[in-house]
Structures are given as structure tokens and as C-alpha cells.
Protein chains: 2
Amino acid sequence: MQLWPIYGKLETIGIIPTRDLGEQMRTTRIAILGLGTVGKGVVEILSHQNNVTIDKILVRDPSRHNRDLPLTTNVWEIIEDPDIDIIVEVMGGVDPAYDYLASAIHSGKSVVTANKEVVARHGRELMELARQNRQGFLFEASVGGGIPVLDALMWHLRTTAIHAIEGVINGTTNFILSEMAQGMEFDQALKRAQALGIAEQDPSADIEGWDSARKLSILSGLAFNSWIQAEAERVSGITHVKSSHLHRLRDMGFGLRLVARAQKDPTSLGFVVAPTIYPLDHRYLKLSGSQNAIGIFSQAGTTWIEGPGAGGIATASSIVSDIQRIRFTIPDRDPVLFEDVLVTDIDDPYLIFREDPNQNIPDIPHSLQRGFGYVISPYSLPPEKGLVQYRFRVK
Amino acid sequence: MQLWPIYGKLETIGIIPTRDLGEQMRTTRIAILGLGTVGKGVVEILSHQNNVTIDKILVRDPSRHNRDLPLTTNVWEIIEDPDIDIIVEVMGGVDPAYDYLASAIHSGKSVVTANKEVVARHGRELMELARQNRQGFLFEASVGGGIPVLDALMWHLRTTAIHAIEGVINGTTNFILSEMAQGMEFDQALKRAQALGIAEQDPSADIEGWDSARKLSILSGLAFNSWIQAEAERVSGITHVKSSHLHRLRDMGFGLRLVARAQKDPTSLGFVVAPTIYPLDHRYLKLSGSQNAIGIFSQAGTTWIEGPGAGGIATASSIVSDIQRIRFTIPDRDPVLFEDVLVTDIDDPYLIFREDPNQNIPDIPHSLQRGFGYVISPYSLPPEKGLVQYRFRVK
């Protein structure tokens, strides 16, 4: 089978001035696994692009979809089709998505996925498999939806040493915490989020912090060459937060967001997802619903990227960007991506990160301290300034 | 002359698992034109990278630099050296930098530049020249120093239609306006900035808005395929701002920043650099000294990127990222980058952009209204919400 356009013919297409590519490029043939909101967004955006066609779309029940689309219920029709160049996976879940993606790469196809579960668990291995098979494996949409953070991490921001990466990377908890700050209780806010389609019918991955943890695994894998599987003791969600907590915090000038943070020192890597307290004017507390914010702290300074963390068109735009990168570039990745870093414990369950040891600490309601713990980071502190850790004073 | 690694040998390197690249990659040979703060940062970062060597550095006066470096005063020794793969240009200025870069590309070298003047004026032509000569021409460092905004624009954010792009992209005026808000007069704040090395000895490009205008030309070129040369009537600086203006604005709950904005409608492109008034809690007013913030408003949502807009290591990290992209990828650019957009006038000299026509407009001191005009954008308004334009009421 003649592969295209990954490596086999690069020498041929690379030398054609791009002005003429429209005529001279072979059409890239795409298949999509899954046709939910994001899959439909990909179909929509690709319909406006030249030289890309969608050959097949895997769905469970064709009767629920537009019959004009090239639907199939048999994934092997896709994986074994020698004409398909790139497979876009937007099914979600590890099983069977992982098997499909590994098989696709083995069959000589490039893969673009939005599936954070598969990438968090098998990203390192699939990247290596793609290299061995000379294929692209890109997953920009798996973290931060429409925000171009992963490519920036892989190339640009790793030019100098990264100290830490943190962010608000789950829109559902943002929405729920915002509603609760207005007076709703957790269950009520969750029901509202479900009614609006913001939360899943099974919301546990979002509200228990696992969605954020998976995304942090991916960010940490790219930033620190360490693909960490989050453990329960490092991940805390927002299920135990009460509206009264948020009101008391607000009276003290603070608010709460579910924040994921990984930070490196020479021999260890800290990894934590936890509800975190910030001054009310912090950028995290100004994020609306599905907006995400990710900060990268490196030797070159601090870079913040904020944008749409969810939404069909936003997430689909990341997928289409990955498709175009595979069409036009070699998906070679940094050669040092597999270096290992020891993981040690963040062993203090209640952390406060502050710049100044004399700075006042707000008194935290006792009931807020259940669960994993809280990290106060008033300034989204770059670790080179020296972290100061304190237990909360309990009233 | 055998070029490497741009196109000639890609097929060979592309198929080697990157784990082994360290041994099998040929060394990439770099030359640097200029050895100021950014040039020194490039030397520093590259000293930690494998398989990249700096063969020659063009300087005016070798006696002022470390003699262990491979200094030369003759640019043709570099341009005519068949062993050099990539030329990094950090001299600044159009003449003679433009001639050097064009000659280098003609001689079969890839070019990475931080020179916003050259890119704003000749970027379109140099990109086309690089294509024709099968070379890379990248310029991430020319806008936003260490912020990875251009690559995101070229690939990711253009997947869906961009409506507008705006930002605070000049650190010197940030610093001066911050000092003035504390009570200093303009001349005093400028002298302080010069004493701290933040402003140039000839500060006119910064304070008169031309530095921002050149960067906006580049952003607009990539976002809208329109390489606009800024005209005087579209560019206003901060030289006429007085400390008393800033105090009066602050009493009304507003602050001032020099903002650059380009926005597109189906037949025209608005292009403006002007001192702009925002509520005090706006992100622009929280930027410290050299931090820049750039917002991209597209069909997929709004993306903000904030980071170090200047500084030797930050800017050098963008340059090294470009070098690595050229080493590992094909610098092919979007085939539709040369489409033209008509430029029409923003003909109202005093604009206010607001979401709500009934919203209160602060009374602007009359003397503030000199120069090009002011744009009030309390929410960094995406244009799809409908811009409302008002003249200021003059008191």
C-alpha cells in the first residue's frame, strides 16, 4: 500500500509552491469514528476545505443520522480500507477506541483523536507506535477543546525548561461552581447543567475531577516527558462543595475553581487536581462556562492561553488543524519525549501556595477541608519564586 | 550544494524513530546576524541543544564581544557559505536586513527572523520567495516575543473564519502608561524606561505606535491574508497622553492601553492602533511591563494568549522553536495565504465599541481626543455581537 501524504511522497509535494498545491495535491481521504457533536463539527468544517474528503463514518445506529453521509457500522471496513489516509476518532472511551486506533496505525493510517482517556492512558505508546509505522498521531482536541495548547507545548514552550503547568480545564465544574456561587446547591446546579447539555448524564468524570486529571496527564506528558496515570489520592472533585462555602469564601474576597497543576523539581513531579481558592479578580474566576485557561511557567516567562474548552465547532477546529498538520508536515516529535521523571508525593493534604509567608491566609470553613485538600495560589505563582506551603488554620 | 534538513533528505530522517535521531541526524549549521540581547539568548539556548551548531555570527565590532564566538564582520562569508543551513536574523531594521534575507533564501538557506519591520513590509514576498526556493521562512519572534501566537494563527486558528484580532503588543508603552498612572509625567516615565533598558534611546517607534502597527500588519497578514502597510491616519501613539488624563480616567474606573486591532467584514478590513480605554479590571490593565496579550475572535470562539512579549530568553525561545520546526517539519504554509481583502476606511475618528447602546459612556477629557482617536471596548467585544459606534461627548 502506498501511503500518502505522510512520508512516502513528501519529497514530491514539498517542493511544489503552495500556490499550486490546490491542483497538484492528491485528495486526502478521511474516516471518522463517531458522529456526535464534535464529529458533526468536523464534517461541517471539512465540507469547506479543498482536497479532503470524508469517505466513511462509523456510527452505531445509521437510522439516527443523515443518510446522505457515508455511514457504516463496521469499523473494519474503515481500518482495512487501503484508500483511507487519516482516521479521526471522536467516539470517546478507552474500549474499543484504543484497539481501533492501534490497529489503524498498524494498518498504515495516521490518527487524529479528541479522546483524552485514550491519550492519557496510551498516548506515549501510541506516539511510539505511530513513529515506528511512520504515521502521524495528533490529539490537540483532547485538552482544552479549541485551544491550541498542545502544539505550542510540543514545539515552542519546551524550547526552555518548563517549571509548571496549571489550568482550569473542565467547563462543567466551572458552570456548576458559578451557579452555586449564585445560590444554587450542588445537585440543583448539576441538574441545570445536565438540562442544558453542559454535563453528561453520568457526570462523575467531570465532577469527581477525573476529566481534569486525564487532561493534566496529557499536558504533563508533553511538558515534562512524564506520562503519569493520576491516582485517587491526587485527584479531588467538587462534589463536597456547598453553596454556603462559596458564599463564605466570597465574603472573604475569594472564589473556588477546580484547578489541575503539575510542577517539576529536579527529582520529582507534583501532580494535583483539586478545588482551589483564588482572589475574586483572578483570571480563573472570570472564565465563563466552557472557557478554559492554561498557564505554562517556564524559564522564558509565563504564558497563558485561554479559549473555548468545549463545543462542537471549537473542538472540531482543533481536529481539522491536526489533519492539516499531518497533510502538510511531518509529525515528528521531540526526540527526548520519553525521558522519565520520578514521581514523588505531594504529602501535605492541605496546601497553600503563597508568595509571602507573612501574607494573610483566609480562614477556611472546616467543612471545606474534606476531600483531597485545597491549594491557594493567589498569583498563580511560578515555582521559581519559592513555594511556601501551609496547613490551613481550622476554625 | 546539498541542502539539509529542509527537503532533500526528509524521507531519510522522517522514518527514523526519534529515539535514535540523536545519532543519525546530521548537525544543522546556524549563522546569526546580530548579537544583541536576543542574539545572545539564541546562543545560550542552542548551547543546550543537540545536533545544532553556530558556525558564524555577524557583528559590527568584534572587540565588543566574546572572542570565543565565531564572529565575522562580513555577511557574505555567511550567505555564500554552502555549509550553513539556517540563518537567524536579529539585526533589526529593513536596510540592509531585507537584502541579506532575500539573498540568503536565494542561496538556498532557510531564514528565521525576529525582525518585525522586515516581515511587516516584505513578509508576503519573502514567504513566496522561500516557497520558490524550497526553504523555510519563519518569524514567530517578530510578534509577541516569546508568545507562540503566529504558528497558532497559521495553522490552528485559521481553521475557522477569524473575525478580529487585537492586542496589547508593545511593552514599552505598557510600562510608561503604568508609571504615568502612578503620577509620573510622560517625559519622566520615558526617561525611566530608557534608564531601565525598556525603551530604546530613540523611542519613537514604540511611543508613536509604529511598533504595534508593524506587529498588527503581521498578525493581520496571517489572520486575514491581507498584508497591510499601516498608514499614519490609522496609527496613534501615546505621546499626547498626560498623567492627569490617566488620573481622571481612573477616578471614573477606567485605564488606558495602546491597543492594536484588525477586524474583517466581508468586504473590508479595519486596522487601527490607538490608545484605548478599558475598565480597570480588564486583562489589558493587569499586564505587567513586557507582558503582551493577544485575542483572536473566530467562529470557534475567542482565544487569548498572554505571555512575555520581550526579553532575550523569551524571544530567543521563539527563534529556537522556529529553527526546530524547520529542522523537523516542512515549512509549507497555507495555500490561500495570498488572497486579497479590500481595505476601506474606519472613517469615524472617535469610536466607542460597546455591547449595550444604553451603557454609560465615560466623559472623556477633551485633550485626550487629540491624535487618531480612541476605541472603547469594555468587553473586548467579538464583532459578531454587533458593534455600536459612538462619538465621544466632549465636555
Side-chain angles (χ1 to χ4, degrees), chain A residues 6-8 10-11 13-15 17-22 45 50 128 131-132 134 140 146-148 151-152 155-160 281 283 286 290-291 293 296 298-308 311 313-314 316-318 320-321 324-325 328-335 337-338, chain B residues 6-8 10-11 13-15 17-22 45 50 128 131-132 134 140 146-148 151-152 155-160 281 283 286 290-291 293 296 298-308 311 313-314 316-318 320-321 324-325 328-335 337-338:
Chain A
I6 309 312
Y7 295 101
L10 270 180
E11 205 162 295
I13 65 153
I15 62 175
T18 49
R19 198 188 275 276
D20 300 321
L21 277 180
I45 297 179
N50 294 325
E128 180 61 26
R131 273 196 200 89
Q132 288 165 0
R134 308 174 191 183
E140 181 67 79
I147 308 176
D151 186 77
W155 286 98
H156 188 112
L157 299 167
R158 297 182 73 242
T159 305
T160 56
D281 65 350
R283 72 177 68 234
K286 297 184 174 183
S290 64
Q291 291 281 114
I296 296 142
S298 82
Q299 189 195 352
T302 301
T303 301
W304 284 97
I305 308 188
E306 295 179 29
I313 288 294
S317 76
S318 285
V320 174
S321 165
Q324 298 295 6
R325 283 183 194 268
F328 285 101
T329 76
I330 296 183
D332 248 338
R333 293 296 129 193
D334 190 307
L337 208 59
F338 295 112
Chain B
I6 309 313
Y7 294 102
L10 271 179
E11 204 161 298
I13 67 152
I15 62 176
T18 48
R19 197 189 277 274
D20 300 320
L21 278 181
I45 297 178
N50 295 325
E128 180 62 25
R131 274 197 199 88
Q132 289 167 0
R134 308 172 190 183
E140 181 66 78
I147 309 176
D151 186 76
W155 285 99
H156 188 113
L157 299 167
R158 297 183 72 242
T159 305
T160 57
D281 66 349
R283 72 176 68 233
K286 297 184 173 182
S290 64
Q291 291 281 114
I296 297 142
S298 82
Q299 189 195 352
T302 300
T303 300
W304 285 96
I305 308 188
E306 295 178 28
I313 289 294
S317 76
S318 285
V320 174
S321 165
Q324 299 295 7
R325 283 184 194 268
F328 285 101
T329 76
I330 296 184
D332 250 338
R333 293 297 129 194
D334 191 307
L337 208 59
F338 296 110

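Letters A, B, ... are given to chains in the order of the sequence lines, protein chains preceding strands, and every chain is numbered from 1. Both backbone and side-chain heavy atoms feed into the values below; hydrogens, waters and symmetry mates do not. All values reported here derive from a predicted model rather than from experimental measurement.
Taking the salt bridge (Lys or Arg N to Asp or Glu O under 4.0 Å) definition, one finds that E306(B) meets it with R283(A), R283(B), sequence neighbours left out. In this view, A300(B) and I313(A), A314(A), S317(A), T160(B), S298(B) satisfy the side-chain contact (heavy atoms from CB on, under 4.5 Å) rule, not counting sequence neighbours.
In this structure, CG in D151(A) is found 4.5 Å from CZ in R325(B), a value given to the nearest 0.5 Å.
Side-chain atoms of D281(A) and D281(B), non-hydrogen and from C-beta on, never get closer than 4.5 Å to each other.
Comparing P148(B), G311(B), P308(B) by how many heavy-atom pairs each has under 4.5 Å with chain A, the most go to P148(B).
Contacts of I305(A) with chain B are made by both backbone and side-chain atoms, with heavy-atom separations under 4.5 Å.
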